[in-house]
Amino acid sequence: MWLHASCKLEFEIPVATPFILMLRPRSGSQQWVAREQYVLSPSVSAIEFTDQFGNLCQRLVAPAGPFSVQTAFDIEVADSSDVAPGAPFVPVEQLPDQTLPFLFPSRYCESDRFSQMAAALVEGVNPGYDQCVKIVEYIQNSLTYAPGEGQELISATEVNQKSQAVCRDMAHLGIACCRALSIPARMVVGYLESLQPMDLHAWFEAYVDGRWYTFDPTQTTLAGGRVAIAYGRDAADVAIYTQFGDPVEILNMEVRVEQISEPVE
């Protein structure tokens, strides 16, 4: 399907402030960017670089006063997310090098603390994809999805002690449990066309049977219409903006996604 997606961030900058932004999707096997717009107001010079996970990042200094960032793009994405019941576990010694960073504990995914729990959750389940499904079922049965309720970043161990969570928190818990079973897992931030209420969204991917598969504990069915903006070990790697120095107030964030028949000329 073709989607038109946009995101606008509005700030009040007290003093000139360095930013790193992560708002541009990249074309790949699961998505193709046909048209893109990126507007900084007021206009300032920016330098783009690619981080260690392949994300497109923009580096700039925002001037004092009102400042906004607006992105929009037409993108072709899959109508549905692939599923693969029974897809096998890949032994660690056979994993591609680029998947190895997603095996280790990270700041918000302390997989070393979930070894016993994860093993108990998947007891008797075939190693690989089916284990990931079991983990998602546990998260869905243990936590109520509460969009907009979690402003503070918390870790998987903290999430596991709560009764409700936002998408980011649920992804952290899924990632930690997968890694505890030696399944590489990474966080994804982006857009989901069917999401209500509309906002930027987070889910996770796990590597089984030689490829990455999508898992989303917030959704009862694994919907397509997903646009990936950033990949990382956890939320610390995929912030859509990071500012340095004195705190900056964000005044407004507006996210829109709609289906279109074809890219706009």
> Checking S194 against L192 for the side chain to side chain contact (heavy atoms under 4.5 Å, CB included) test, could you report, in this order, the C-alpha distance in whole Å, the side-chain angles of both residues, the deciding distance, and whether it holds?
CA-CA 6 Å; S194 60; L192 175 58; 3.8 Å; yes
> With the threshold set at 4.0 Å, does a side-chain nitrogen-carboxylate oxygen contact exist between D216 and R226?
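Salt bridge flag = yes for R226 with D216.
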> Return the CE to CG distance between M117 and L173, rounded to the nearest 0.5 Å.
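Reported value, rounded in 0.5 Å steps: 5.5 Å.
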> Nearest 0.5 angstrom please: D169 CG to N160 CG, how far?
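D169 CG to N160 CG: 11.5 Å, rounded to 0.5 Å.
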> So E36 and P25, do their side chains get closer than 4.5 Å, heavy atoms only?
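Yes, close enough: below the 4.5 Å cut-off.
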> Do you know the tightest heavy-atom contact between S111 and F104?
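Taking every non-hydrogen atom into account, OG-C, 3.9 Å.
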> To the nearest 0.5 Å, tell me how far K134 NZ sits from L121 CG.
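Here the rounded value is 8.5 Å.
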> Taking all non-hydrogen atoms of both residues into account, name the closest pair between A119 and L181 and its distance.
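A119 and L181 have their closest heavy atoms at N-CD2, 4.0 Å.
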> Would the distance check show the side chain of E110 and the main-chain N or O of A156 forming a donor-acceptor pair, the cut-off being under 3.5 Å?
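A pair under 3.5 Å: yes.
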> For D246, I'd like to know if atom CG has over 12 heavy atoms of other residues, nucleotides or ligands within 6.0 Å.
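Counting neighbours around CG of D246, 12 or fewer heavy atoms of other residues, nucleotides or ligands fall under 6.0 Å, so no.
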> Short question: side chain of S27, backbone of V33 - any donor-acceptor pair under 3.5 Å?
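Between the backbone of V33 and the side chain of S27 there is a qualifying donor-acceptor contact (under 3.5 Å).
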> Passes side chain to side chain contact (heavy atoms under 4.5 Å, CB included), W203 versus L222? Steps please.
CA-CA 11 Å; W203 60 93; L222 196 56; over 6 Å; no
> Does the side chain of F215 come within less than 4.5 Å of V133's, by heavy atoms?
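Yes, close enough: below the 4.5 Å cut-off.
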> List the atom of V188, the atom of A228, and the distance in Å for their closest heavy-atom pair.
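It is CG1-CB, 3.7 Å.
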> I'd like to know if the side chain of Q31 and the backbone of V77 have a donor-acceptor N/O pair within less than 3.5 Å.
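No.
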> Under 4.5 Å between any side-chain heavy atoms of D74 and E262, yes or no?
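A side-chain contact under 4.5 Å is absent here.
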> Any link between I13 and I240 through a network of hydrophobic side chains (Ile, Leu, Val, Met, Phe, Trp, Tyr) touching at under 4.5 Å?
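Same cluster: I13 reaches I240 through Ile, Leu, Val, Met, Phe, Trp or Tyr contacts under 4.5 Å.
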> Among H172, R168, E158, which one satisfies side-chain contact (heavy atoms from CB on, under 4.5 Å) with Y108?
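Exactly one pass, corresponding to H172.
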> Going by heavy atoms in the side chains, are S41 and F67 under 4.5 Å from each other?
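No, side chains not in contact.
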> Go through the side-chain N and O atoms of T50 and R26 and say whether any donor and acceptor fall under 3.5 Å apart.
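On atom types as modelled, these side chains do not qualify, holding no pair under 3.5 Å.
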> Among residues at least two apart in sequence or on other chains, which ones pass ring-ring contact (aromatic ring centres under 6.0 Å, His included) with Y138?
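For Y138, no residue satisfies ring-ring contact (aromatic ring centres under 6.0 Å, His included) once neighbours in sequence are set aside.
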> Hey, which of Q259, E76, E258 is the one that makes side-chain contact (heavy atoms from CB on, under 4.5 Å) with W2?
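By the side-chain contact (heavy atoms from CB on, under 4.5 Å) criterion, W2 pairs with just one of Q259, E76, E258: E76.
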> When rounded to the nearest 0.5 angstrom, what distance separates SG in C57 from CD1 in I20?
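Result: 7.0 Å between the selected atoms.
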> Among Y129, W212, Y213, whose ring-ring contact (aromatic ring centres under 6.0 Å, His included) with Y207 holds?
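The single option meeting the ring-ring contact (aromatic ring centres under 6.0 Å, His included) with Y207 is W212.
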> Is M22 reachable from L60 through a run of hydrophobic residues whose side-chain heavy atoms are each under 4.5 Å from the next?
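No, it is not one cluster - the side chains of L60 and M22 are not joined through contacts under 4.5 Å.
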> Ignoring hydrogens and angles, tell me if any N or O in the side chain of N55 forms a donor-acceptor pair with the backbone of Y231 under 3.5 Å.
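Checked: pair present.
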> Has S81 got a side-chain atom pairing as donor or acceptor with A223's backbone, closer than 3.5 angstrom?
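Pair found, side chain donor or acceptor close to backbone of A223.
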> Would you say F73 ends up clustered with M1 if hydrophobic residues are merged whenever their side chains have heavy atoms under 4.5 Å apart, either directly or through other cluster members?
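Shared cluster, yes.
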> Quick one, V69 and Q58 - any side-chain contact, counting heavy atoms below 4.5 Å?
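Side chain of V69 against side chain of Q58, heavy atoms only: no contact under 4.5 Å found.
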> Kindly give the heavy-atom pair with the smallest separation between V255 and M198, and that separation in Å.
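The answer is O-CG, 3.3 Å.
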> Is it the case that atom CZ in R107 sees more than 12 heavy atoms from other parts of the structure closer than 6.0 Å?
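Open: at most 12 neighbouring heavy atoms sit under 6.0 Å from CZ of R107.
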> At what distance, to the nearest 0.5 angstrom, does CD of E205 lie from OG1 of T99?
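Reported value, rounded in 0.5 Å steps: 13.0 Å.
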> Just verifying a value: how many Å separate L9 CG and S68 OG, rounded to the nearest 0.5 Å?
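So the CG of L9 and the OG of S68 are separated by 8.5 Å.
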> Are F53 and F102, when compared by the centres of their aromatic rings, separated by less than 6.0 Å?
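F53 vs F102: aromatic centres under 6.0 Å.
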> State, with a plain yes or no, whether a side-chain heavy atom of C7 is found less than 4.5 Å away from one of Q70.
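They are not in side-chain contact.
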> Is it the case that one hydrophobic cluster holds both F204 and F114, taking links as side-chain heavy atoms less than 4.5 Å apart, direct or via other members?
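Same cluster.
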> For the pair T218 and H201, evaluate side chain to side chain contact (heavy atoms under 4.5 Å, CB included) and give the outcome as yes or no after the intermediate values.
CA-CA 10 Å; T218 73; H201 191 49; 3.3 Å; yes
> Please report the C-alpha distance between F89 and I183 in whole Å, then the side-chain angles of each, then the deciding distance to 0.1 Å, and finally whether the side chain to side chain contact (heavy atoms under 4.5 Å, CB included) criterion is met.
CA-CA 7 Å; F89 170 83; I183 298 173; 3.8 Å; yes
> For residues Y38 and L200: do they belong to one hydrophobic cluster (side chain heavy atoms under 4.5 Å, members Ile, Leu, Val, Met, Phe, Trp, Tyr)?
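Y38 and L200: one cluster.
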> Checking side-chain polar atoms at under 3.5 Å, does Q243 have a donor or acceptor matched by the opposite partner on T17?
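No.
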> Indicate yes or no: does K8 engage E254 in a salt bridge with an N to O separation below 4.0 Å.
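Salt bridge: no.
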> How close do G210 and V90 get, heavy atom to heavy atom, and via which atoms?
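For G210 and V90, the tightest heavy-atom pair comes out as N-CG2, 3.7 Å.
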> Where is the tightest heavy-atom contact between C109 and R233, given as atom of each residue plus distance?
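In this case the closest contact between C109 and R233 is SG-O, 4.0 Å.
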> Indicate yes or no: at least one non-hydrogen side-chain atom of R179 is less than 4.5 angstrom from one of P105.
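No. Closest side-chain heavy atoms not under 4.5 Å.
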> Are Y241 and L23 side-chain neighbours, meaning at least one heavy-atom pair lies under 4.5 Å?
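Y241 vs L23: side chains apart.
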> Would R211 and D82 count as a salt bridge (Lys or Arg N to Asp or Glu O under 4.0 Å) if you check the C-alpha gap in whole Å, the side-chain angles of each, and the deciding distance to 0.1 Å?
CA-CA 11 Å; R211 57 160 288 187; D82 291 345; 2.9 Å; yes
